[in-house]
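Residue numbering restarts at 1 for every chain, and letters A, B, ... go by the order of the sequence lines. Nothing here was measured: the structure is a model prediction, and the numbers come from that model.
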2 protein chains.
Amino acid sequence: MVTMADVARLAGVNASTVSHVLNGTRTVSGPTREAVLDAVARTGYRQNTLARSLARSSTTTLGLASRFVSNPHFADLVTSIESTARRAGYSLVLADTHDDPAQELRAVHELADRRVDGLLLAPSVHAVDEALPFLARAGIPTVLLDRFADCVFDQVAPENTDATALLTAHLADAGHTSVAFVAGLAGLSSTSERTAGFHRVVRERGLDGVVLDGRSETPVAEAAVLSAFASPGHPTAVVVGNNSMTVGALRALRTLRLRIPDDVALVCYDDPEWADLVDPPLTAIHQDVPAMATRAVTMILERLAGTAPAAPRRERIRPTFRHRASCGCAGPVRHDRGELLTPVP
Amino acid sequence: MVTMADVARLAGVNASTVSHVLNGTRTVSGPTREAVLDAVARTGYRQNTLARSLARSSTTTLGLASRFVSNPHFADLVTSIESTARRAGYSLVLADTHDDPAQELRAVHELADRRVDGLLLAPSVHAVDEALPFLARAGIPTVLLDRFADCVFDQVAPENTDATALLTAHLADAGHTSVAFVAGLAGLSSTSERTAGFHRVVRERGLDGVVLDGRSETPVAEAAVLSAFASPGHPTAVVVGNNSMTVGALRALRTLRLRIPDDVALVCYDDPEWADLVDPPLTAIHQDVPAMATRAVTMILERLAGTAPAAPRRERIRPTFRHRASCGCAGPVRHDRGELLTPVP
DNA sequence: GTGAAAGCGCTAACAT
DNA sequence: ATGTTAGCGCTTTCAC
């Protein structure tokens, strides 16, 4: 590959001059800059980001450590993060945590070794044990995404408790007294919060509430729903804790030949793209993934720019309630794309 | 951040010794290696990938340039690529092409500037004009993914023509004589091939075939189907060219109150996760994204290792036919997860 | 306005 | 078995 020295030689100038014209870091005479630009064009010179980053000790790169697979929001998340980052001149590198503490630590290490200027992390269950302390020690500006954890970093996540409470209350309003909740991976703040929202309403309304462990995975949720709804006295309604598990729940109910909403009413946290296409369309909580992604990047950039408040921020992105038909209630129902009917309080 | 020199000082050895124990590149005496490892542990030293890559002129990094958003396979693709790459000691960096030639060139440039050792590219419509020649000139080992293009690189993509022909023939077999095809983004090889498969059967069977432009986007496909099926003499069946457009097609038919498969039979290339959950379940072509991803990475690694044949390879990943109910035919139908019934020839 | 030179943190001959 | 030294390709003081 052609180097800056090659370009300099061809242009008859010093390498530092080439550097300066390329970066606009000092005034260069017209002819000189012409010569340099010409040499660049003729050689097809391309900067070496590694050398540049090493010399400047800054990579203008952000890292994203998250679970990739079966994260239904992944494409949206990455797209929004990448575009926001790029607009600020940053590029993005990814590492998969698999939502497993060991893999997460590996991912975070790798990103640190790459000297990312900032890091976005969807913390795993035990991030507080290793990954987060490491990041704090290493002094890498970080923002937590999607889930909270006890640490010194900025955090942004959707509102979970009230939203899940609203779903549960909605079922109670429709007359259900026996309701199941399919919970996500145990230990995640999102899971605890959604479960708490469910429990709150169960308590307040004196419902018969049961929590099933869906571990955030489609087949696990399917199996859980299958066994919980197999016997005659099963609950009459179910709240599903996220996107992937909704697929499992729907499959289980179909297998059991339980009709929605007549035999079992179903509502879910997360609003899959196809929520309006199944029969009946799903009543769901829709989270604004792009908003969360954008906010997270903004927070990191503010930290890097030094314009962020000293104290760590914890922000919530408000989701919206999409009232469709799977809840089986008497209220106004829209079968279309799921327009926002009732904002979550 | 603590550097190798810091570690060396603390261990009372030379930096090169530290390098060698960390990389296992030469024999080091027991005590010395102990001392080094101890110093590493005490300082929390982490390698600087930038410096290392610069010195070795190799990054053990692969680049992936593709369209992120509205690529329904994106999460799967990235996950499979990342895990295969990681297993071989490579990490992955991404750049979004937006399926736009200009953005694609920018993406490819960025990855080149990062000195990725190899590049995976889902070529845009005009990749042959700029991006591919650049990569060839720069001598960056590349493999094309998902779509083919006229160039010197290895390529791997799903089989499109026969699969789409099979879908179309399946409708013809069920008695349909007027069939529409919702085509993806014009210019992509995948679009041309799927369209060709459709046309082939139209010709062979003497069907009345019409091609709608869905531009690979949900709303565009929706609008196209909406207008094509609004009037009384509309086709009685439709083949949808991919995942995202299927969502649009389903919405359009619902808006028009056309029942599937009674009023319009529908089959699609691509088998969304929820294909078995809608009513009726979708008859579809299922592509093996992980297989394609894994194969692409393997091809790159073979090139890097020099074990690949000199001539560029063009490989197809065979998709499978999933017979469900939206085709409305009399054949054996499975309402479950869509088990493979008929392999594509 | 431009050049010379030191250095970013590492690797890899080359010594010993 | 270990230390010395010269880069990798760039940025950035410091001179002139």
Side-chain angles (χ1 to χ4, degrees), chain A residues 1-37 39-40 43-61 89 109-110 112-117 138-140, chain B residues 1-40 43-61 89 109-110 112-117 138-139:
Chain A
M1 276 240 126
V2 26
T3 79
M4 206 168 237
D6 298 329
V7 173
R9 201 170 309 119
L10 191 70
V13 300
N14 187 280
S16 72
T17 300
V18 175
S19 172
H20 282 118
V21 333
L22 258 28
N23 295 309
T25 33
R26 83 177 174 195
T27 40
V28 174
S29 77
T32 309
R33 98 179 269 97
E34 294 294 287
V36 169
L37 261 20
V40 166
T43 54
Y45 168 75
R46 294 252 96 217
Q47 277 218 141
N48 184 324
T49 303
L50 301 166
R52 168 181 240 252
S53 296
L54 184 59
R56 304 180 62 157
S57 48
S58 150
T59 52
T60 52
T61 293
H109 277 165
E110 188 199 306
D113 293 354
R114 269 181 196 288
R115 299 299 190 264
V116 295
D117 290 341
I140 300 175
Chain B
M1 276 239 129
V2 25
T3 80
M4 206 169 234
D6 298 329
V7 173
R9 201 169 310 119
L10 191 69
V13 299
N14 187 280
S16 73
T17 301
V18 176
S19 171
H20 283 119
V21 332
L22 259 28
N23 295 309
T25 33
R26 81 178 175 195
T27 41
V28 175
S29 77
T32 309
R33 97 180 268 98
E34 294 294 287
V36 168
L37 261 19
D38 183 61
V40 166
T43 53
Y45 169 76
R46 294 253 98 216
Q47 277 218 138
N48 184 326
T49 304
L50 301 165
R52 167 181 241 254
S53 296
L54 184 59
R56 305 181 58 158
S57 48
S58 149
T59 52
T60 52
T61 294
H109 277 165
E110 189 199 306
D113 293 354
R114 279 197 135 70
R115 298 299 188 266
V116 294
D117 290 341

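- Applying the 4.0 Å criterion to OP1 and OP2 of dT2(C), one finds that Asn14(A) has every side-chain N and O outside that range.
- Nearest-nucleotide mapping onto DNA chain C: of His20(B) and Leu50(B), the residue sitting toward the 5' end is Leu50(B).
- In this structure, the CZ atom of Arg56(A) is 8 Å from the C1' atom of dT11(D), given to the nearest Å.
- The nearest whole Å value for the distance from the CG atom in Leu22(B) to the C1' atom in dG9(C) is 13 Å.
- If you check every strand for non-hydrogen atoms under 4.0 Å, Thr17(B) touches sugar and phosphate atoms only.
- A donor-acceptor contact shorter than 3.5 Å is absent between the side chain of Ser57(B) and the backbone of Leu54(B).
- With hydrogens and angles disregarded, a donor-acceptor distance shorter than 3.5 Å links the side chain of Thr59(B) to the backbone of Arg115(B).
- Remark: P of dG9(C) and CG of Asp113(A) are 14 Å apart, rounded to the nearest angstrom.
- The phosphate of dG3(C) (OP1 or OP2) has no side-chain N or O of Ser16(A) nearer than 4.0 angstrom.
- The side chain of Met4(B) approaches dT11(C) more closely than any other nucleotide in the set dT11(C), dG9(C), dG3(D).
- No donor-acceptor pair closer than 3.5 Å links the side chain of Ser53(A) to the backbone N or O of Leu50(A).
- There is a side-chain donor-acceptor pair under 3.5 Å between Ser58(A) and Asp117(A).
- Among the heavy atoms of the strands, none lies under 4.0 Å from Gly30(A).
- Of the candidate nucleotides dC10(D), dG1(C), dG9(C), dC10(D) has the atom nearest to the side chain of Gln47(A).
- For the OP1/OP2 pair of dC10(D) and a distance below 4.0 Å, the side-chain nitrogens and oxygens of Ser19(A) include no atom meeting the criterion.
- Between the CG atom of Asp6(A) and the C1' atom of dC10(D) there is a distance of 13 Å, rounded to whole Å.
- With dC8(C), dT11(D), dT13(D) as the choices, the nucleotide that has an atom nearest any side-chain atom of Leu54(A) turns out to be dC8(C).
- The phosphate of dC10(C) has neither OP1 nor OP2 within less than 4.0 Å of any side-chain N or O from Asn48(B).
- Distances from the side chain of Ala55(B) to the nucleotides dC8(C), dG3(C), dG7(D) place dG7(D) closest.
- Residue contacts for Ser29(B): at a heavy-atom cut-off of 4.0 Å it reaches the sugar-phosphate backbone alone, with no base atom in range.
- Residue Asn23(A) places at least one side-chain N or O closer than 4.0 Å to OP1 or OP2 of dT11(D).
- Taking atom CZ on Arg46(B) and atom P on dC10(C), their separation rounds to 12 Å, with Å as the unit.
- Using a 4.0 Å heavy-atom cutoff across all strands shown, Thr32(B) reaches sugar-phosphate atoms only and no base atom.
- With dC10(D), dC10(C), dT13(D) as the choices, the nucleotide that has an atom nearest any side-chain atom of Arg26(A) turns out to be dT13(D).
- A donor atom on one side chain and an acceptor atom on the other are not found under 3.5 Å apart for Arg56(B) and Asn23(B).
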